[in-house]
Structures are given as C-alpha cells and as structure tokens.
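A quick write-up on the structure given underneath.
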There are 4 protein chains.
Amino acid sequence: MSDVAKSKPGRRASIGSRRNPQTEAAVLAAARQLLTERGYAGFSIDEVARRAGAGKQSIYRWWPTKADLFIAIYGIEKNAAIALPNHQDLTLDLTQYTSELWRFWRHNPGGRTFRALIAEAQASEAALRALRTKFLPERLDPVRTLFERAAERGEISADEVEDRVQLWVGFNWFRLLTGQIDDDAQVIARMTKYLVH
Amino acid sequence: MSDVAKSKPGRRASIGSRRNPQTEAAVLAAARQLLTERGYAGFSIDEVARRAGAGKQSIYRWWPTKADLFIAIYGIEKNAAIALPNHQDLTLDLTQYTSELWRFWRHNPGGRTFRALIAEAQASEAALRALRTKFLPERLDPVRTLFERAAERGEISADEVEDRVQLWVGFNWFRLLTGQIDDDAQVIARMTKYLVH
Amino acid sequence: MSDVAKSKPGRRASIGSRRNPQTEAAVLAAARQLLTERGYAGFSIDEVARRAGAGKQSIYRWWPTKADLFIAIYGIEKNAAIALPNHQDLTLDLTQYTSELWRFWRHNPGGRTFRALIAEAQASEAALRALRTKFLPERLDPVRTLFERAAERGEISADEVEDRVQLWVGFNWFRLLTGQIDDDAQVIARMTKYLVH
Amino acid sequence: MSDVAKSKPGRRASIGSRRNPQTEAAVLAAARQLLTERGYAGFSIDEVARRAGAGKQSIYRWWPTKADLFIAIYGIEKNAAIALPNHQDLTLDLTQYTSELWRFWRHNPGGRTFRALIAEAQASEAALRALRTKFLPERLDPVRTLFERAAERGEISADEVEDRVQLWVGFNWFRLLTGQIDDDAQVIARMTKYLVH
DNA sequence: ACGTAAGCGAGACGGTACGTCAGGTCTTAGG
DNA sequence: CCTAAGACCTGACGTACCGTCTCGCTTACGT
C-alpha cells in the first residue's frame, strides 16, 4: 500500500469515465497513514492529496467530507481485525470482544480514526449524519448480535437488547474519548456484570 | 452579556498590571455566544476577539487553549443550571438529574460547549489533559454523589459506585455525541434500571 | 520585470492551472497605490491583498519578499517614464537624464518605491540580495551608457566609467534619501562638473 | 555596559521626579546591543525595554521615535572612534578618514545603526526630519572640515566645498547601503581623484 | 470510428484562522 | 513626578488549509 501511495514518478492518469481503483487505494492508504502519524489535528485533505499523489478534486469527488474518509478507513480494518466470539455465554463473549476492540483501538489507526470521526461529527452536521447513518448501524451490529444471542439463550430479555447495547457502547466510547483504554481485562469483565444481570 | 460584548466605543484599556475583569467577562460572553451560534466548527479565537473587542493576545494570555475557554464557559452555566435532587431513591434522583442535564444540553450553550470540548480533546493532547484534569473530576461529582448516597442507604454496594458512574456517564455522552438527547423521560427512566439493579 | 510578466506562449512543461494575469496586475496596482498613499511604513502585504482582492498566499507565491514587489513596481514605471538622451555631450545628457529621474522620483510611486526598496534592504538580507542582483544592474545601466558613450567620444577615459557611475548614483541616492530632490536643474548641472572633468 | 544592561535582579526604582541616568544608560546599551545582534529588522522597543529592564513608557518618554534612539547610539560611538586627520593634503586626509569610517561601519554597531537610521527615515516623516536636523549637520562636519582646509590651502575652490561634500558622502552612503564597504584602500584612494581635481 | 463525457494530477485562486509579535496607550504601585 | 511592570487593543506577520476552479491529458462508452 505504501508503494502505491508513493507512486510519484509515473503519474496516475485517468482510466476513462470511471473511478480508478489505484487512486482510491492510494488515497485511503495516505489518509490512514496521515491519521496514524498526526491524528485528527494534523489531518488535512491537502496533505492526503500530496501523499497520495492525487488531485484534491479526486478526493472530494469520492469522499465529500472528512467523515466519509474516516468511515472508509475504519471499515476496512475493523472487520478484518476482530472476530465475533461465540461461547454461548454473554459475559465471556462480551469480555473477549471488548478486549479485542480496545486492543484494536490502542493500535494506532483504529482508535485515531474513531476519535477523529467522533470529533468531526461534533464539528459538522453532515458528518454527524454520516456517523449516524453510514457508521453506527454497522458498528453496533457485533455487540447487538452478542446480546441477541444471549436473549435467544434466555440469558436476558429480548426487549432489553437495544438498551443494553447503548449502555455498553456508551461506556466504551467514554473510555476511548478520555484516553482510558489500557488493556485491563479485569475492568472489562467487572463492567460486564451490569449488562448481564 | 451582549452589552458587555459590544462595548465597542471606548476601547477597554488596561487597568494596570493586573487582569481586567471586564475583559474576562467580555471574552467569555463572546465565546459563549459564538459557540451557540456557530458551534465547534465556526468557533475561532479570531472571531471571539473580534466580538469581545479584545486583543487575541489577551485571550491567549488567560486561556492558552480553546479547551480552557470551553471549560470556563461550561463551568459557569452548568453549576447554576442544575440542582442535585435528593429523593432518597436512586431511580428518582438519577432520572430527574439526567432529564435536567439533557435539557441543559439541548439548550444551546451547554451541549454545544460540551461537544466542542470533547471534539477538541480528540484534536489536541493538551486539551485531552485539560479535559481529564480540570473538567472530568468536577463534572462527574454530581452523579457520583447520587450513587454514593444510594450506597449509604444500602441500595447498591459501595465498591460499585465508580463503575456505575462511568457506565451512566458513558451512556449520556453517547447520546449527546450522536445527537440523541431529546427529552424522553421514559427512555431515561428505563435505562436507570440497569444502574439501580 | 518583463520576466515576471512573461507568459510562455508555447506549451508548458508542467500541467496545472495557470497564473492569472489579472491577479498579477491587480496586486501590482494595489501595491503601487498603497505605496503612493502611505509610503513604506504603511505598506503591508495584508493591505495589498485586501485592495487587490487577492489571497495573501497568491502574493507570497509570486513575490516572496516585499523587495520583489517593490522591484516589480519600479521596473514597470521607470522604463516607461524616462528616455535616454543622446546629445553627444556628457554634461547635457547627464543633466537632462538626472533632471528627469528626479522628476520621476518626486512623482509619487517612483521615489516612494525606490526609498522603500532601499529601506527594506537594510532590514532583510534577502532584500539586500535582491536589490544587488535583480535591481541594481539593470538600474545602473542608463547612467553607465551615458558615460560609456562619452568614453567612446573621448570625453572621459574608458576605465573610469564604473567609478563615475557610482559617484553619480551615490549622489542621487543621497539626495533622494534625505528628501532633497526638488527640481533644481542648476544644482544638477553644477554637480555634473565633477563627473565630466 | 553589559552589566548595566543585565541589571535584572534588583529592580531599578524611580529616583524621584527626575530622569534616572542609570535607566538612560541601560536603555542605550540595550539598544546598541540589540541592533548589533539583530539589525534593523530585529529591533523593537519591546525588546529594548526587556533587555534594559525598563518600562516601555520610560523609553518613549525620552526617545519618542526609534530614530532618536539610533541617533543617540551613533553619536556616542562615532566621535570616539574616528580622529580627523590633517596631513595638509586632501587626498591623504580623505583616504585615511574614509578608510577609518568604513572600518567603523563594518564594525557592527556603527554601520548597523547608520543603516537603521536611514531605513527608518524612509518609513517615518519624523525620522527623516530628525535625520536632517539632528544628525546630518553634525555628521557632515568632519568631511566638510577636510574640504575647507583644502580650500584654505588653495587645493580647491572655496565655493565648491559643499558640492564636493555631498558627492563624497553620497558615494559612501551608496556603498554602505548596498553592502560594499569592504576595506579596500585602493578603491577609496582611486575615488578621491574626482573630488580633489 | 469518433466525439463526448468523465476522471485524472496539478496547482492557482480568494478566503480565513492559526499563534506570535510589535506598536503605543494606560494604570497601578512604589520611591 | 518619575520609574518599573505589565495588561490592553490593534493589526501585521508568514504559514496552512479550506473548497472551488481551470488546465491539459487520458480513456471508455454510446452513437
């Protein structure tokens, strides 16, 4: 990916009236790298374009807001990184999944991207909309699945799933946003107590 | 406030080798107003200075980062706005306090300021530090007090207070940051269930 | 100056948007006007940008220092303003040329620009360098030509041309910088005596 | 002097309703030092006050413009530095005096101060006035004396003194302002030719 | 087969904010 | 009345990004 991002010499011409996947890859790689290195404050479309060897317009064409870029980056990695456990036990599942999530967040691109996205959503109405429509539903899914399975097993009541999801997700956001996601399996396990009854 | 913020005519001179409280008031008023009108994205030190009729240096002198400004604004209002209930019942207390908090957040300056502060903390390490040291402790206090009183009454266990605080605060942040703080007393009441056992 | 204004007629090595000649003209006009009105002390890039309706970056892009701007302005006008006399007589030529030069200097933009450039060269090493390399050679040319023609006619010795040029130019600078360039043809004529032998 | 300029610890209190000579000395020393280190561009009243441990108001009270400060500094040193030669020969006198002048200018404070004063005079009408009334007459004196003595000896005509002074002074300014005052006794000697007939 | 339309990298453009610095004015507090 | 200190407002500094635009190409697709 970095080799793509640096393909300075031969410029990447248009491939006709359609999106060039090389350009897309180069932009996402550059954005990911920039976010990792400098975080939300140091992130700029100018610099992404510079690093990707892309025109700014090409970026704005496909990702109209920074939030779109953040969402694209996050999606790529998150799915690959975390598997959904299934121990037939809500506490175990929740603890394992959350531990892995925090580990993913601590690993630079993941957490930085998420934090950037949330920050951006506070700055721009469009970003907030993107967060709610394009990001949240998909991101809440894994946790919701864990609770749904538990409901099927009878561990919790089915009509409490959504509330429990929000409670748990909120806690995770709080820890991420305040910089408290050191891997502490004990803390996580202890906290699940309230969600499991 | 607006009369202070608009004191354009006679420029506000120094009152000697010490901080001028009029300047301080004008800056805070202007910052509050600007945040209300334009939110985090439209907030700039330049514009605050312009509206307050203050020099930028005067602002940087007393509030080195935007976070400091946000914290100052938030503190002024929050304390005045919300009383801590005491019905000798955790559910009642929590529901009432949280309802008022959401109402305060919905009312522009409050929520906007909080959201701006969290966003800023994701952009700047210094802001994150300010959030954790100057803001969080004081802001968590009211909720913690509610849980502590409940523990004293025997409603919950004393060593669970801190965890429950974080769970509840996290939920509130999540709703604020995703724009879901419409006053829905029923939702709040329903959610308290998990915190009250 | 012509190098600044030069727009390559043929094809360009690099693609990309082209310099907008209207912007260039607007900036130079604004700079000229500002210098005329307020002189060196009142001259600022901010104000030039404001008057030209240009972005500051556009100015810094093409004229990295104020000196570059001054040189560009001066060149445009000086060449148009003063013709080089040729009476086959050094005294006559020198007197006429100098009289016209002083008149040009007294007429606002000319003198103000020259004075600003010299002042700037005392403030910045880069400006001094620009003065010596981009400005002086071309500016000394007319006077040198007068002396060279005189040498060809045998009025003076050929190896004294450069010294005489400096002596004469120095005198002119002195008068300009101390505000003594009232048109006094007699004074000028009298002073030429020392340069003509 | 540097001990005066650095007298930070024990603050220099007022000595009552009159000028404090220690403050005056400290300010001049600080100004001289600052000019030496950073030149005209880096010279600011703020920094002088800081280094002198003086209030800005104290400086403005006694030296209303920067030019006044420059003139004060220059006067102190120039007189001490250069003796007026008297070899009963204009060429010799002029060559020696000018060589010493250039050496003095090359030695930091001298040249920097002079250049700063001339630059300032192009920026401010008041400074130009100060240059012409408080500075020039006194500074032209030594050179004028050389020419007057020559006139008394019959080397030159008495009514040409003033013109020759200006020609010579102009040449010297030109070399200083364009950064060409390397000690080249030969150049100076050669140039005197035109002033001596 | 060929014109058109979209995509591409480049980069100029008018704006605006950044955080710093200097200018001058003013007030206090202390001889 | 003078001095030191330093707060105050103004406004310039030079840099960086914003999002839009124009430019000269390149390619695929619909006619």
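Every chain is numbered from 1 and lettered A, B, ... according to where its sequence line falls, protein lines coming before strand lines.
- S58(D) places no side-chain N or O within donor-acceptor distance of the main-chain N or O of A54(D), the cut-off being under 3.5 Å.
- Minimum heavy-atom separation, L131(D) to A121(D): CD2-CB, 3.7 Å.
- Considering only side-chain N and O atoms, W62(C) lies nowhere under 4.0 angstrom from the phosphate OP1 or OP2 of dG11(E).
- Each of P21(C) and A54(A) was matched to the nucleotide of DNA chain E holding its nearest heavy atom; the match closer to the 5' end belongs to A54(A).
- Here dA16(F) presents its P atom at 10 Å from CZ of R38(A), a figure rounded to the nearest Å.
- Nearest-nucleotide assignment on DNA chain E puts the 5′-proximal partner with G55(A), out of Y60(D) and G55(A).
- F114(D) pairs with exactly one of F70(D), Y40(D), F135(D) by the ring pair (Phe, Tyr, Trp, His ring centres under 6.0 Å) rule, that one being F135(D).
- For dA16(F), the base has a donor-acceptor partner in the side chain of Q57(C) [N/O atoms by modelled type, under 3.5 angstrom].
- For dG19(E), its base sits under 3.5 Å from the side chain of K56(B) at one donor and acceptor pair at least.
- In this structure, I45(D) places its CD1 atom 17 Å from C1' of dA5(F), rounding to the nearest Å.
- Nucleic acid contact for R61(D): base, since at least one base atom lies under 4.0 Å from a heavy atom of the residue.
- Whole-Å rounding puts the W63(D) CH2 to dC2(F) P distance at 14 Å.
- With rounding to whole Å, D46(A) atom CG is found 12 Å from dA12(E) atom P.
- Here the options are R112(D), R51(D), R32(D), the test is side chain to side chain donor-acceptor pair (under 3.5 Å), and the partner is E37(D); only R51(D) passes.
- No side-chain donor-acceptor contact under 3.5 Å links S124(D) to the backbone of E120(D).
- N20(B) comes within 4.0 angstrom of the backbone, heavy atoms only, and of no base.
- Straight-line distance from the CD atom of Q22(A) to the P atom of dT26(F): 16 Å, rounded to whole Å.
- Taking atom CZ on R51(C) and atom P on dA12(F), their separation rounds to 11 Å, with Å as the unit.
- The distance between atom CZ of R19(A) and atom P of dC29(F), rounded to the nearest whole Å, is 17 Å.
- Closest to the T23(C) side chain, of the nucleotides dC13(E), dA4(F), dG19(F), is dC13(E).
- In this structure, of dC13(E), dA4(F), dC18(E), it is dA4(F) that holds the atom nearest to the side chain of S58(D).
- Comparing dC8(E), dC13(F), dG6(F) against the side chain of S14(B) picks out dG6(F) as the nearest.
- In this structure, R12(B) does not reach the dC8(F) phosphate: none of its side-chain N or O atoms is under 4.0 Å from OP1 or OP2.
- Regarding E24(D), its CD atom lies at a distance of 12 Å from the P atom of dA4(F), rounded to whole Å.
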